[in-house]
Amino acid sequence: MRKAKRIISIILVLVLSVGILSVGAVSKEDEGKWIAAWGTSPVDFYISLADYADGFIVNGKIPAGSLLRTELTVTAAGEMLRLKFSNEYGDKDVTFSRAVVAKTNTSKAGAIWTTTKRSITFDGSDSVTIPAGKTVWSDPIAMETDALDKLTVSMYFTEETYVKTCGLFGGQTYFSYSLPKKSDSRYMTNPSEVSIATGTNTYHIIPFLSQIDTYAEEDDAYSAVFIGDSTLVNGMTGYLSTRLVDAGEKDIAIINKGIMGNRLFYKGNGLIGNLYGDALLDRFSRDALSVTGCELIIVKIGVNDILHPSSKSMGDKAPYVSAQEIIEGYKKLVEKAHENGKRIYFMEITPWNGYVRDILGNKNDIVWTESLQAMCDTCNAWIKTNDVADGYINSDSLANPNNPTSFLDQFTRDGIHFTETGALAFADCIDIEKIFGIENARTASEIFGIDPFQVSTSETTNKKLLKVKNVLMIVRQLLSTLKIEYEPLHRFLDKIINSLPDGNDLAESAEKAVNKVASIRT
């Protein structure tokens, strides 16, 4: 039966490619379905590529003749792809002269396997213009992918193009200059990764691309969306996907829609507030309810609604909300999810005692207090005891037993955000049998042979050096934003930044985990 479905799917996509049927004609009840296999949440951010263009200063725009490549991982198997590109926050139209999707060649940054490349077309055309404030979908592409396959999406620009809509998590983007005929070549010319940093976190910019759907063979395939703040912006969902694949499940996609600094009620405020995205209540429809094939939503939000109003750098600019108001917001999310036929689970507000938010070296921007913790505890009590949501994910095991308001040292890089060790342990908090209906699934710790509770803190990255690196990256970004174009200073900062650690502990274990994925597949 699965083989017959596969043949039918391939025939249909060939028919679609010549325009005889619409995309909707594929989604028949007995022939599989479209589900999201990858996604990121766009934010309104005016990207400067001054920091990434070798020998050029190009504030806020992609120079003519440039190539951008985003490497990412799809989390479900399928026979076809379609891609969504967003210019939602742009005030100018955006034009790609050509776009290509291919399997990633992991031997080198920005490399693809050219034998796998497929042109991305839009109503049959290689080029597309995305109007300001709009999104576009590509035509279906006949390309078979497996769960946890790495893909690369290439975008080539013959005209100078402004970047104002991008995701900050879910892939890695490389920038270089290229000739038109080289836009889909195996290697990029002197690729530079496009990233920014805040405090102790590095964020990887993903211009324009916001979602990739796959055409799954099984009618019961679906996407599970994790939505929330920066405590979701880590490898936890990747480890969860690996657990599902290890258990033989390739028809459940895990989509991470976390945004740094995100709040439930208000959009971002302060020096880098535009990075914090729209309020979760406002983006819930776009980033969860409307995600293709979404049947399950897991929410982790609320800590920034509590902390930002007490931040010295934000102060009165970040409106105050009470714990009870946050709970009422949770109830609204449940109501919206159930009205749309989705299951919804909540994650607790995880420990944060010891978090010292660094903004340009200010180590006392946010300080733990008993009153702020009491607000978190009130929200967590509702999450654990309410009778309106479908359930919750218990993460109590991540807390320091000697001080439950703080993490175990090896789980956090700054008191609130997860290390790779913490992300792995966090993924193991998820009861796969209860939430996904999959029995006998191994933990990520078992799959990778790592006990996160036994990892020595001496094995983690030097956090002081990491803070130095990320403060320098903030300075570099601000120089570009303010259009300070002193090239020797940019190059001097680059030299120092590149010599410092990248902040990922368990680097060798993570690399082994990537290589082990192929042997996990069934």
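As the structure is a computational prediction, the values presented were derived from the model and not from experiment.
- The pair K33-D219 does not count as a salt bridge, with every side-chain nitrogen at least 4.0 angstrom from each carboxylate oxygen.
- D451 and S445 are not linked by any side-chain donor-acceptor pair at a separation below 3.5 angstrom, with hydrogens and angles left out of the test.
- Under 3.5 Å, the side chains of T129 and T95 contain a donor-acceptor pair of N or O atoms.
- There is a side-chain donor-acceptor pair under 3.5 Å between T350 and K300.
- Scanning all heavy atoms of the two residues, the minimum distance from G170 to L72 falls at O-CB, 3.7 Å.
- The two atoms that bring P42 and S86 nearest to each other are CG-OG, 4.3 Å, heavy atoms only.
- Salt bridge annotation for D146-K250: present, with a cationic side-chain nitrogen under 4.0 angstrom from a carboxylate oxygen.
- The structure places CZ of R69 at 15.0 Å from CD of E193, a figure rounded to the nearest 0.5 Å.
- In this structure, the side chains of L240 and I432 come closer than 4.5 Å at one or more pairs of heavy atoms.
- A side-chain donor-acceptor contact under 3.5 Å links N262 to the backbone of D278.
- Side-chain contact check for D149 versus T73: every heavy-atom pair is 4.5 Å or farther apart.
- Note on residues 69-105: pairs passing ring pair (Phe, Tyr, Trp, His ring centres under 6.0 Å), not counting sequence neighbours, are F85-F96, F85-F122, F96-F157, F96-F208.
- Once rounded to the nearest 0.5 Å, the distance linking CG of L67 with OG of S185 reads 7.0 Å.
- Distance check: W38 CH2 to D213 CG gives 11.5 Å after rounding to the nearest 0.5 Å.
- Using a 4.0 Å cut-off between charged nitrogen and carboxylate oxygen, R442 and D246 count as a salt-bridge pair.
- Residues T70 and T173 bring a donor and an acceptor atom of their side chains to less than 3.5 Å of each other.
- Considering every non-hydrogen atom in both L424 and A444, the closest pair reads CG-CB, 3.9 Å.
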Discussion item. Under the criterion side-chain contact (heavy atoms from CB on, under 4.5 Å), I'd like the reasoning laid out for N234 against F169: C-alpha separation, chi angles, the key distance, then a yes or no.
Written reply: CA-CA 8 Å; N234 54 65; F169 180 72; 5.6 Å; no

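- Checked against the 6.0 Å centroid criterion, the rings of F453 and F411 qualify as a close aromatic pair.
- Judged by distance alone, the side chains of T443 and R243 never bring a donor and an acceptor atom under 3.5 Å apart.
- The side-chain contact (heavy atoms from CB on, under 4.5 Å) test with M143 is passed by exactly one of K103, M80, K117: K103.
- The two residues Y156 and S66 make their nearest non-hydrogen contact at CD1-O, 3.2 Å.
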Worksheet item: Given I259 and R283, is the side-chain contact (heavy atoms from CB on, under 4.5 Å) satisfied, shown in steps?
Response: CA-CA 11 Å; I259 296 180; R283 70 183 182 96; 3.5 Å; yes

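- If you take CD1 on I130 and CG on N87, they are separated by 6.0 Å, rounding to the nearest 0.5 Å.
- Figure legend: cation-pi geometry between R186 and W113 absent, as NZ or CZ is not positioned both under 6.0 Å from the six-membered ring centre and within 45° of its axis.
- Here the side chains of I206 and L168 are not in contact, with every heavy-atom distance at 4.5 Å or above.
- The backbone N or O of G124 lies less than 3.5 Å from a partner atom in the side chain of D139, making a donor-acceptor pair.
- Counted by atom type alone, S125 and D123 present zero donor-acceptor pairs between their side chains at under 3.5 Å.
- You'll find the side chain of I254 reaches within 4.5 Å of the side chain of L244, heavy atoms only.
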Practice prompt. Could you please spell out the steps behind the side-chain hydrogen bond (donor to acceptor under 3.5 Å, both in side chains) verdict for T292 and Q211?
Written response: CA-CA 9 Å; T292 312; Q211 187 170 309; 3.1 Å; yes

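- Here the closest non-hydrogen pair linking S176 and M188 is OG-CE, 3.4 Å.
- Within the 3.5 Å criterion, the main-chain N or O of A36 finds a donor-acceptor partner in the side chain of S223.
- H204 has its side chain out of reach of V194: every pair of non-hydrogen atoms, C-beta onward, lies at least 4.5 Å apart.
- Side chains of H417 and S230: a donor on one and an acceptor on the other come within 3.5 Å.
- Remark: side-chain polar atoms of T121 are not paired, donor with acceptor, to backbone N or O of D126 under 3.5 angstrom.
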Item to complete: Could you please spell out the steps behind the side-chain contact (heavy atoms from CB on, under 4.5 Å) verdict for T412 and D414?
Response: CA-CA 6 Å; T412 182; D414 59 1; 3.6 Å; yes

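- A distance of 8.5 Å separates CD of Q454 from CD of Q410, quoted to the nearest 0.5 Å.
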Practice prompt. Check the pair R98 / S127 against side-chain hydrogen bond (donor to acceptor under 3.5 Å, both in side chains), numbers first and verdict last.
Written response: CA-CA 5 Å; R98 190 179 182 197; S127 65; over 6 Å; no

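- Residues R413 and F418 have side chains not in contact (no heavy-atom distance under 4.5 Å, counting atoms from C-beta outward).
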Item to complete: In sequence, state the C-alpha distance, the side-chain angles, and the governing distance for K164 and D91, and then conclude on salt bridge (Lys or Arg N to Asp or Glu O under 4.0 Å).
Response: CA-CA 8 Å; K164 204 169 182 292; D91 49 15; 5.2 Å; no

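- Minimum interatomic distance between I438 and A247 (heavy atoms only, all atoms of both residues): CG2-CB, 3.8 Å.
- Counting heavy atoms from C-beta on, the side chains of D287 and L280 never come closer than 4.5 Å.
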Item to complete: Let me see the working for F436 and I252 under side-chain contact (heavy atoms from CB on, under 4.5 Å), right down to the final yes or no.
Response: CA-CA 9 Å; F436 297 98; I252 300 176; 4.0 Å; yes

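- Remark: T104 pairs with E71, T106, K150, T152 by the side-chain contact (heavy atoms from CB on, under 4.5 Å) rule, at least two apart or across chains.
- Residues E144 and Y215 bring no donor and acceptor atom of their side chains to less than 3.5 Å of each other.
- Panel note: side chain K257, backbone T40; a donor-acceptor pair is recorded below 3.5 Å.
- Atom CD1 of residue I112 and atom OH of residue Y187 lie 10.5 Å apart, to the nearest 0.5 angstrom.
- Here the side chains of D428 and I430 are not in contact, with every heavy-atom distance at 4.5 Å or above.
- Counting only residues at least two apart or on different chains, the salt bridge (charged side-chain N to carboxylate O under 4.0 Å, His left out) pairs with a member in residues 152-163 are K61-E160.
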